[in-house]
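Reading through the structure tokens given below for one structure.
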Amino acid sequence: MTRARWPLEDYDLAATLTSGQAFRWSRSGPAWEGVVAGRWVRLEASGDQLSAEVSEPVSDWAWLEHYLGLPESLPSILATFPKDAPMAAAISACHGLRLLRQEPWECLASFILSSTKQIVQIQQCVALLSERFGDRLPVPMGKPAAYSFPTRARLAAATELELRACKLGFRARYLAGAARALASGELSLDRLGNLPTPDARDQLMKLPGVGPKIANCVLLFAYGRQDAFPVDVWVLRALRELYFPRRRPNLRTLQRFAETYFGPNAGYAQQYLFHYVRTKR
DNA sequence: TACCAGGAGAGCG
DNA sequence: CGCTCTCATGGT
């Protein structure tokens with residue numbers, strides 16, 4: 001089977017795919033085309049249905065359901081958010097916004113090269129890396145070429161200069177260092193899944209180019225740690241404006257506040273705040 | 001032309 | 001610690 005359908009409830013596909021968590025999706029008319037788990041995928045949401053199309057027959061769609069978080073119930077997550085005015089505004093502005101569950105290596109690599117870059121630039125870097133170091137994937141007739149995201153081993157073997165040619169700039173050294181540390185077995189992304197969130201975060205931060213923000217992005221967007229709360233400048237601004245309009249708490253203070261105040265799904269709440277402040281201007 | 005985006009890491013008091 | 005500067009690149 002190359003097509004599948006699901007009922008869709010409380011799911012804004014466009015907002016989810018463009019909310020700065022994944023960087024491989026491009027709009028194609030009413031649909032979205034991208035690469036998930038080494039497969040070319042076309043997604044279209046119409047009314048209360050989601051349809052997916054892939055280029056080669058598959059017998060099991062669990063990989064895509066997992067990526068999209070389809071089994072997850074959004075209302076029960078939103079119910080854990082604090083009941084305050086800023087959160088209420090964010091929820092009503094971003095109805096159906098979801099968290100994806102991405103492959104850890106691709107997510108980590110994407111966020112290592114994300115620092116000081118806008119979403120379009122990150123998309124461009126990821127596309128260049130995939131084109132040059134990934135494998136060409138089968139696509140339906142007439143579609144532009146698509147490539148898998150390069151493996152750690154492949155990027156570990158690349159020179160820093162080759163990575164710089166993908167417009168990574170000073171992040172090329174970080175990505176090469178992280179790819180090599182993982183390829184050598186010095187650190188295993190698989191083992192992180194079994195660790196408590198703070199320990200997993202410490203492990204990630206041993207990698208070059210990975211600080212608290214990027215570690216939290218990976219925990220949230222790839223490992224499903226919905227308590228991880230990435231604070232970038234947008235969220236920093238939002239927290240200060242919405243919750244501390246008079247004082248000016250520093251990053252550390254806000255980080256601690258966020259992790260307790262927003263509850264067990266703090267990271268999910270963060271995504272709502274992030275998307276809310278980014279789209280309202 | 002000069003300046004800005006916006007995360008990690010190094011350097012400094 | 002906590003602040004400040006630098007890093008590469010494309011856009012204004």
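A, B, ... follow the sequence lines: proteins, then strands. Residue 1 opens every chain. Keep in mind that this is a model prediction, so the values were computed, not measured.
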| query | Under 4.5 Å between side-chain heavy atoms, hopping through other hydrophobics if needed: is there a path connecting A:V41 to A:L137? | reply | no
| task | Sequence neighbours left out, what passes side chain to side chain contact (heavy atoms under 4.5 Å, CB included) with A:L195? Give chain and number order. | result | A:L192, A:D199, A:A200, A:Q203
| field | Single-linkage hydrophobic cluster, 4.5 Å side-chain cutoff, A:W234 and A:Y243 together | value | yes
| Nearest 0.5 Å, what's the CG-CZ distance between A:N250 and A:R240? | 7.5 Å
| Do A:V35 and A:L64 share a hydrophobic cluster, counting only Ile, Leu, Val, Met, Phe, Trp and Tyr and linking them when any side-chain heavy atoms are less than 4.5 Å apart? | no
| Can we call the ring centroids of A:Y276 and A:Y272 under 6.0 Å apart? | no
| message | So if I take residues 199-220 of chain A and measure heavy-atom distances to DNA chain B, which residues fall below 4.0 Å? | response | A:L207, A:P208, A:G209, A:V210, A:G211, A:P212, A:K213, A:I214
| query | Between B:dG9 and C:dG10, how far is it from one P atom to the other, in whole Å? | reply | 23 Å
| remark: Per the under-4.0 Å heavy-atom filter, residues of residues 163-182 of chain A near DNA chain C come out as A:R164, A:K167, A:G169, A:F170, A:R171
| said: Tell me the interatomic distance from A:E160, atom CD, to C:dA8, atom C1', rounded to whole angstroms. | reply: 12 Å
| query | For residues 110-130 of chain A, which residues have at least one heavy atom under 4.0 Å from DNA chain B? | reply | A:S115, A:T116
| Whole Å only: how far is the CG atom of A:L251 from the C1' atom of C:dC3? | 13 Å
| message | For residues A:V235 and A:I122: do they belong to one hydrophobic cluster (side chain heavy atoms under 4.5 Å, members Ile, Leu, Val, Met, Phe, Trp, Tyr)? | response | yes
| note | When rounded to whole Å, the CG to P distance for the pair A:L236 and C:dG2 reads 15 Å
| A:R252 CZ to B:dG7 P, straight-line distance once rounded to whole Å | 19 Å
| side chain to side chain contact (heavy atoms under 4.5 Å, CB included) partners for A:P140, two or more places apart | A:W40, A:E53, A:S55, A:K143
| What residues form a side chain to side chain contact (heavy atoms under 4.5 Å, CB included) with A:S130, not counting sequence neighbours? | A:R24, A:V126, A:Y147, A:F149, A:P150
| field | Same cluster (ILVMFWY, side-chain, under 4.5 Å), A:V139 and A:V36 | value | no
| Nearest heavy-atom pair of A:S188 and A:R191: which atoms, and what distance? | OG-N, 3.2 Å
